[in-house]
Structure formats: C-alpha cells, structure tokens
*Asks:* 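The structure is given below, and queries will be raised subsequently.
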Amino acid sequence: MSDDKREEKELDLTSPKVVTKYKSAAEILNKALLLVVSECKPKAKIVDLCEKGDAFIKEQTGNIYKKMKKKIERGVAFPTCISVNNVVCHFSPLSSDETVLEEGDMVKIDMGCHIDGFIAVVAHTHVLQGGPVTGRAADVVAAANTAAEVAVRLVKPGRKKSDVTEAIQKVAAAYDCKIVEGVLSHQMKQFVIDGNKVVLSVSNPDTRVDDAEFEENEVYLVNIVTSTGEGKPILLDEKQTTIYKRTVDKSCNLKMKASRVIFREISQKVPIMPFTARDWRRKELVWD
C-alpha cells in the first residue's frame with residue numbers, strides 16, 4: 001500500500017481514532033446546543049446567543065487533546081446561527097445587531113464543531129411558547145423531523161442519493177408541507193464541510209447533480225428544511241450575509257492594505273472552515 005493510500009485509510013471511519021474525534025466533536029456540540037436552547041427566551045438578543053454557542057465550543061474543544069505532540073486543530077466548524085420564523089438558515093448577526101427573540105417565534109439553531117478537522121454539525125427547531133406546539137407550526141416541525149429520520153436511514157451503502165430526495169418530499173407532502181429548494185446535504189471529509197458529493201432536497205432543472213450510490217465509510221451532513229409555504233427561498237437583503245468561507249483553490253490580488261491584512265489573518269486563523277464576520281470586526285477593519 002502506498003503512503004498516500006495508507007494515510008487516506010487512516011483518516012476514514014475504519015480508524016478508531018477518527019471515530020473518537022467525530023464522537024468527541026458531537027458530544028461537545030450537543031452540549032452547546034442545549035446551552036443555546038436554554039437561553040432562547042423572549043427578549044434575548046440573537047447575537048448574544050450566537051456568541052455564547054461559539055464561546056462554549058471553543059472552550060470545550062480547547063480542553064481536549066492538549067498534550068498531543070502534534071498540534072490538533074479544533075474549534076468551531078460552523079458559526080452558531082439563530083434563524084427566526086421565515087428566515088431559512090445561517091443568520092449569525094454582527095455585534096451591533098439588536099434583533100431579539102419574541103414569544104411565539106420559531107427559532108432554528110444550527111452550529112458545527114470539529115476535532116482535527118473531523119466535523120459534527122447539528123440543527124434544531126425550538127418554538128418559544130409554553131405548552132405543546134400545535135397547528136401548522138407543529139406540522140412543519142414534525143415534517144422536518146420525520147424527513148430527517150427517514151433520510152438518515154437511507155444514507156447507507158447501496159442506496160442512491162435520489163432515494164433520499166424522493167423520500168423526504170413524500171414525507172413533507174404527508175404533512176401538507178414543502179421541502180425547501182436549494183438546500184443541499186453534503187459529504188464531509190477531514191476539514192471539508194461541503195464536499196463535492198451532494199444530495200438534493202428538491203430536484204429541478206436548475207439544480208441537477210449526478211446520481212450515485214452512497215459508499216461505505218462516507219460521512220454526510222443531512223440538511224433538511226421544510227416550509228408551510230411554497231418552499232422557494234427569496235433573497236431579501238444581501239447585507240444579512242455574515243458567514244463566509246475562504247475558497248482555498250483560488251488566489252486573488254488585493255489592492256487595499258486593509259483587505260490584505262484581513263485576508264492574511266483569515267488565512268492564518270480560519271483557512272478552511274466557515275467563519276463569521278463578527279469575529280473579525282475591528283475599528284480599522286469594518287466589514288459591514
């Protein structure tokens with residue numbers, strides 16, 4: 001076996017060390033999720049919740065693998081996001097944002113953690129109200145949860161990606177809901193949160209991917225979003241985008257000194273994982 005093949009084999013799920021790192025990241029992430037959910041209360045500032053989630057992940061990952069001879073990268077794999085009501089996902093505002101939660105809000109939390117580049121991602125929907133959730137709010141939550149359970153059971157060797165796409169749409173229809181278009185489930189590898197192998201939530205002429213079978217020892221992020229509407233996202237405000245990821249296979253020639261400084265810092269501190277502009281806001285470097 002060549003050195004490259006041996007190294008590749010050591011980095012997949014056949015390695016107990018890799019499995020342990022995935023599990024450690026998941027355990028930290030589940031605790032972070034519980035913390036954020038417990039803080040989701042009326043009048044709570046969304047940016048405060050996002051910062052608490054990220055801070056918890058950084059603290060917990062910083063406490064493990066400290067005595068390794070080789071430095072182990074670890075921390076936030078995807079910034080904590082709090083998306084409310086009709087906002088589809090990935091809302092992680094700047095520190096200046098004053099948006100707060102209100103009674104009755106449907107709060108969608110998503111966040112990610114990694115140990116040595118092995119990534120765990122979690123998402124959860126929480127409704128701010130006392131007592132059980134009823135009506136259409138209950139329908140859409142149940143549709144997303146059931147669709148996710150079905151998808152997880154279909155992501156296994158021998159099944160095709162199209163099997164997942166078809167199944168989750170049938171589940172959503174049973175609740176009189178729609179799967180939201182444009183949402184993808186990605187294969188993940190070490191330090192890769194959005195691999196080239198993807199699973200469509202909704203197949204249409206504008207978003208086609210090659211169908212293929214799932215293979216043994218692959219890892220996938222299963223991403224399911226449902227809606228009581230038509231399931232067609234609308235871009236309302238591009239300024240709301242605060243999460244970015246460096247494109248490592250491209251280079252750029254920056255003219256402004258401030259741009260070169262911030263790009264150098266990003267390359268050093270978060271060269272691969274997604275990050276939030278909130279972490280890089282300084283007096284001399286204002287992103288918004």
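One is the number of the first residue; the rest follow in order along the sequence.
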*Asks:* With a cutoff of under 4.5 Å between side-chain heavy atoms, which Ile, Leu, Val, Met, Phe, Trp and Tyr residues group with Val122?
*Replies:*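 Members besides Val122, by chain and number: Leu29, Leu33, Val36, Val37, Ile46, Leu49, Ile57, Val76, Ile82, Val84, Val87, Phe91, Leu101, Val107, Ile109, Met111, Leu128.
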
*Asks:* Running the 4.5 Å side-chain criterion over Ile, Leu, Val, Met, Phe, Trp and Tyr, what cluster does Leu34 land in, apart from itself?
*Replies:* none

*Asks:* Listing request: all salt bridge (charged side-chain N to carboxylate O under 4.0 Å, His left out) pairs with a residue in residues 14-29, at least two apart in sequence or in separate chains.
*Replies:*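 For residues 14-29: Lys21-Asp116.
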
*Asks:* Once side chain to side chain contact (heavy atoms under 4.5 Å, CB included) is applied, do any residues pair with Val183, and if so which ones, sequence neighbours excluded?
*Replies:* Val180, Ser201, Asn223, Val225

*Asks:* Once side-chain hydrogen bond (donor to acceptor under 3.5 Å, both in side chains) is applied, what residue pairs with a partner in residues 128-138 remain, sequence neighbours excluded?
*Replies:* Arg136-Asp139

*Asks:* List, by chain and number, the other hydrophobic cluster members for Met106, where Ile, Leu, Val, Met, Phe, Trp and Tyr join if side-chain heavy atoms come within less than 4.5 Å, directly or indirectly.
*Replies:* Val127, Val133, Val140, Val141

*Asks:* Enumerate the side-chain hydrogen bond (donor to acceptor under 3.5 Å, both in side chains) contacts for residues 80-90, please, sequence neighbours excluded, ordered by first and then second residue.
*Replies:*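 Qualifying pairs, neighbours excluded: Asp54-Thr80, Asn85-Asp105, His90-Asp110.
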
*Asks:* Can you tell me which residue pairs pass the side-chain hydrogen bond (donor to acceptor under 3.5 Å, both in side chains) test with a partner in residues 227-236, sequence neighbours excluded?
*Replies:* Glu181-Lys232

*Asks:* Under the ring-ring contact (aromatic ring centres under 6.0 Å, His included) definition, can you give me all pairs with a residue in residues 18-57, not counting sequence neighbours?
*Replies:* Tyr22-Phe118

*Asks:* For Tyr175, enumerate each residue passing the ring-ring contact (aromatic ring centres under 6.0 Å, His included) test, keeping only those at least two apart in sequence or located in another chain.
*Replies:* none

*Asks:* Does any pair with a residue in residues 89-104 pass salt bridge (charged side-chain N to carboxylate O under 4.0 Å, His left out), and if so which ones, sequence neighbours excluded?
*Replies:* Lys43-Glu102, Lys45-Glu98

*Asks:* Hydrophobic clusters join Ile, Leu, Val, Met, Phe, Trp and Tyr when side-chain heavy atoms are under 4.5 Å apart, directly or via other members; which others share one with Phe263?
*Replies:* Leu254

